[in-house]
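Before I ask anything, here is the structure I am working with.
Naming convention: chains lettered A, B, ... in sequence-line order (proteins, then strands); numbering from 1 in each chain. Only heavy atoms go into these numbers, but all of them, side chains included; no hydrogens, no water, no symmetry mates.
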Number of protein chains: 2
Amino acid sequence: MKISLKEMAKRLSLSPAAVSKALNDYPDISLATKNLVKSYAKKVGYKANSQASFLRSQKTKTIGVIIPDITNPFFNKILKTIMTLAQKNNYSIILGNSKESFSLEEKLVNQFLQQKVDGILMSLANDTSQYKHLENILANDTVLVLFDKVAKLINCSKVFVDDKDGGFKATEHLIKKGCTKIAHFRGGLNPQNSIDRYLGYREALSVNKISFDPNKVLITSSGSIEQGYILAKKLYESGIEIDGLFCITDMVALGAIRFFKEQKIDIPNEISVIGFSNTMAGNLVYPSLSTIDQKASKIGAEAVRLFLSEEKMLKTENRLENQSLVLKTTLIKRESTQRI
Amino acid sequence: MKISLKEMAKRLSLSPAAVSKALNDYPDISLATKNLVKSYAKKVGYKANSQASFLRSQKTKTIGVIIPDITNPFFNKILKTIMTLAQKNNYSIILGNSKESFSLEEKLVNQFLQQKVDGILMSLANDTSQYKHLENILANDTVLVLFDKVAKLINCSKVFVDDKDGGFKATEHLIKKGCTKIAHFRGGLNPQNSIDRYLGYREALSVNKISFDPNKVLITSSGSIEQGYILAKKLYESGIEIDGLFCITDMVALGAIRFFKEQKIDIPNEISVIGFSNTMAGNLVYPSLSTIDQKASKIGAEAVRLFLSEEKMLKTENRLENQSLVLKTTLIKRESTQRI
DNA sequence: AAATTTCACTAAATCGTTTTAGTTAAGGTT
DNA sequence: AACCTTAACTAAAACGATTTAGTGAAATTT
């Protein structure tokens, strides 16, 4: 079953060099020999050993992808697009799940560099605040493309979403629906995305001359359903009145809605709720969840496109030239903000 | 930044062989030299080139994983477990998404073999009915572990779920809740899993002396929400009366429930509904969805365990010895079958 | 006909490690 | 003192492909 190039050469009474060149269509091999070699290779099922080829070509045709949470549908959708496009361009994907842990992320980067991937596409873990491992990637002449959760200070290609604009759109939508007492369940100080959504919320209030009330802003410790439920309960029990709620993620919004429904509060008429991300689940529940779509597929597609363009640059001019891309979000109006 | 073993040897005035041996703790290198080499390697950030190491060791410390649908939460959960355990055992994961397509699956297998992965863990696409590519894996002395959607005829390690037992449990649960006119939305003739669930349904009816009515069985063309909605509508409009429904997947069940709710049919009291897979979404909707849990994590964990055990066998005794594992499902009772 | 060019190859080095088979010097045995 | 061990290395081949620098013969030019 396994047959090497050398062995083929021996059987065809040719030198290994001739066989290699025939397979790679070098001009100094006759058409007759090329056809002979190719048809024989097909017949015996010869496949070049990628590892061995690498030693000379220095290309593995492999991309490393690191994602903070592989079960998160948003990252999942990005990954799906990345994989489809990688396959189309004959690249393999080595996948790493950093589980939002900096140390695991660092370990994965080193592992990928050791495996000599041609590039690394990654979204940073929440607690990543030093970037030595990223600089290390660039120092190894490996392409780096950051997506979604990026480090703005690192000199590499990036694709991310305008989170502030997203937060603004979400909040303004609530205001347009007539809400005036709008709460926000925000994230912590990491990553930047969660801060930006909060800043969008602040700006929408400010632009619409609604005074900001810090008591209406609660901080989530995770983006889970349970957190949404807990914070909604906390807010409700504190007695602060609201008629609108913007949550940092769809899951948090779903948790909050569950609590409000248990209290027989009418969603959206008493309290309108909007999430962020356009997770599939938001379309399954009742009332269906208004949200901000982040164009996951687009992020994945652009990440691959940037990689390919950098890879080409590296090959032809032996240098990296990076590019930043900021994608706008889209408002998805559903029942949870459809007041009557 | 990049430094090779050879270069280190030169700088330390040692032979490449001595450096290699020192790093790999060979007994014929003095402790002093080992310490010198190791500390110098650490200092200059030396990392062995995996591709080069492979040429001699023939081990890439890489596992190829092929999944039919990477966005499916069930496979996603399996993948997550596989990745965690692989990482723990110092293996990298090369991921392939076959998108339920045989030809893509075949292509991925060949690609992985060419990359010389140490093993392939895969779940078959629905339209895979020839197994030459699987035999090819074994012929290349590469470990093969099939999970969930397996080919029983292939002589390799397997982990899968007792789908017939799951279908039986689901149907019997409806019967115990008092349902007597139970419909089933089944899958097509591929994969075996969907047939087995149907057979479990048939058996539960038979054991409980409920006569089988072929008019109550509809065939889905996909496992989507839309399909569930369409089939529920079709069944409703045909005028056939039912008081229970067992769907091949949770998504199909959610689609059916949506249609019934639109018709103001009381779930679970007029019609009780149960799904299959225990997808997260089933817990988010109202009424929450009863279902059959397939222990995705367990499947992933066992797949890795089987791989490691086969890999060890291959190394020590130079042969493959496979093992089959059948996991039992668990019934998850929720609101969609909780009659009052 | 001699010189040059072109064609179609081969030989050998190379990529970065690992491993087998020496080699040398020191120490121990008789 | 001659012989044998042992410790601690080194030299060189090997893994499987690619690539540079030749090489000999045929074809073409002058």
Side-chain angles (χ1 to χ4, degrees), chain A residues 1-38 40-41 44-62 111 113-118 140-142 315, chain B residues 1-38 40-41 44-62 111 113-118 140-142 315:
Chain A
M1 231 335 55
K2 298 169 181 171
I3 176 167
S4 70
L5 185 143
K6 239 185 208 168
E7 176 63 24
M8 280 212 299
K10 196 182 292 175
R11 295 199 201 164
L12 294 171
S13 311
L14 282 168
S15 70
V19 175
S20 173
K21 286 177 167 182
L23 291 172
N24 293 301
D25 269 324
Y26 272 57
D28 61 350
I29 298 292
S30 72
L31 192 62
T33 306
K34 277 182 189 171
N35 288 337
L36 172 73
V37 169
K38 283 179 184 173
Y40 189 75
V44 299
Y46 169 77
K47 292 265 179 286
N49 181 325
S50 311
Q51 319 288 320
S53 306
F54 162 81
L55 274 186
R56 299 243 66 195
S57 69
Q58 295 291 98
K59 289 293 160 213
T60 50
K61 279 285 188 176
T62 294
Q111 194 177 307
L113 287 179
Q114 191 171 352
Q115 296 200 18
K116 307 291 171 192
V117 295
D118 293 344
N140 275 275
D141 283 323
T142 303
K315 201 165 143 188
Chain B
M1 243 309 83
K2 296 172 187 171
I3 177 168
S4 70
L5 184 144
K6 242 183 203 168
E7 177 62 24
M8 280 213 299
K10 197 184 289 174
R11 296 200 201 162
L12 294 172
S13 311
L14 281 169
S15 70
V19 174
S20 173
K21 286 177 168 182
L23 290 172
N24 293 301
D25 269 325
Y26 272 57
D28 61 349
I29 298 293
S30 73
L31 193 62
T33 306
K34 278 182 189 172
N35 288 337
L36 172 73
V37 170
K38 284 179 184 172
Y40 188 75
V44 298
Y46 168 77
K47 293 265 182 284
N49 180 325
S50 311
Q51 320 287 321
S53 305
F54 161 79
L55 273 187
R56 298 245 67 196
S57 69
Q58 298 291 20
K59 288 293 159 213
T60 50
K61 277 284 185 179
T62 294
Q111 194 176 308
L113 287 179
Q114 193 170 350
Q115 296 199 20
K116 307 291 170 190
V117 295
D118 292 345
N140 275 273
D141 283 324
T142 303
K315 201 165 141 191

Nearest-0.5 Å distance, NZ of residue K38(B) to CG of residue L31(B): 8.0 Å
Can you find a side chain N or O atom of S4(B) that sits less than 4.0 Å from OP1 or OP2 on dG16(C)? no
To the nearest Å, how far apart are K6(B) NZ and dA13(C) C1'? 10 Å
side-chain hydrogen bond (donor to acceptor under 3.5 Å, both in side chains) involving Q115(B) - partner list, sequence neighbours excluded: S92(A)
The bend of the helix from dA1(C)-dT30(D) to dT30(C)-dA1(D), taken between the axes of its five terminal pairs at each end and rounded to 10°, is 60°
Spacing of K34(A) atom NZ and D25(A) atom CG [to the nearest 0.5 Å]: 4.5 Å
In this structure, CG of N49(A) is separated from CG of L113(B) (nearest 0.5 Å) by 11.5 Å
In residues 26-34 of chain B, which ones come under 4.0 Å of DNA chain C, going by heavy atoms? Y26(B)
Just grab all the salt bridge (Lys or Arg N to Asp or Glu O under 4.0 Å) pairs involving residues 44-60 of chain A, residues at least two apart or on different chains. K59(A)-E311(A)
Under the side-chain contact (heavy atoms from CB on, under 4.5 Å) test, residues paired with K10(A) that sit two or more places apart: E7(A)
Position toward the 5' end of DNA chain C (nearest nucleotide), K21(B) or N49(B): N49(B)
By side-chain hydrogen bond (donor to acceptor under 3.5 Å, both in side chains), which residues pair with T33(A), not counting sequence neighbours? S30(A)
Within the structure shown, what part of the strands sits under 4.0 Å from A17(A) by heavy-atom distance: base, sugar-phosphate, or nothing? base
Which residues satisfy the side-chain contact (heavy atoms from CB on, under 4.5 Å) test with T60(A), sequence neighbours excluded? F54(A), T62(A), K116(A), D118(A), Q51(B)
Could you tell me the boundaries of the chain B footprint on DNA chain D, defined by atoms under 4.0 Å from its heavy atoms? dA8(D) to dG16(D)
Would you give me the side-chain donor-acceptor pairs under 3.5 Å for residues 17-24 of chain A, sequence neighbours excluded?
unit_1, atom_1, unit_2, atom_2, d
K21(A), NZ, D28(A), OD2, 3.1
N24(A), ND2, S20(A), O, 3.0

Counting only distance, no hydrogens or angles, is the base of dT17(C) paired donor-acceptor with the side chain of R56(B) under 3.5 Å? no
Go through the structure and list residues passing side-chain contact (heavy atoms from CB on, under 4.5 Å) with L12(A), not counting sequence neighbours. L14(A), L36(A), V37(A), Y40(A)
For K59(B) and dT19(C), what is the distance between atoms NZ and C1' respectively, to the nearest whole Å? 17 Å
What is the distance, to the nearest angstrom, from the CE atom on M8(B) to the C1' atom on dT17(C)? 11 Å
Within the structure shown, what part of the strands sits under 4.0 Å from S20(B) by heavy-atom distance: base, sugar-phosphate, or nothing? base
For L5(A) and dT10(C), give me the distance from atom CG to atom P, rounded to whole Å. 12 Å
Qualifying residues under salt bridge (Lys or Arg N to Asp or Glu O under 4.0 Å), relative to K6(A), sequence neighbours excluded: none
Would you classify Q58(B) as touching base, sugar-phosphate or nothing, given that sugar-phosphate means primed atoms plus P, OP1 and OP2, and contacts are heavy atoms under 4.0 Å? sugar-phosphate
Applying salt bridge (Lys or Arg N to Asp or Glu O under 4.0 Å) to K61(B) and not counting sequence neighbours gives none
Which residue lies more 5' along DNA chain D, comparing S15(B) with Q51(A) via nearest heavy atoms: S15(B)
Just how far, in rounded Å, is P of dT19(C) from CZ of F54(B)? 13 Å
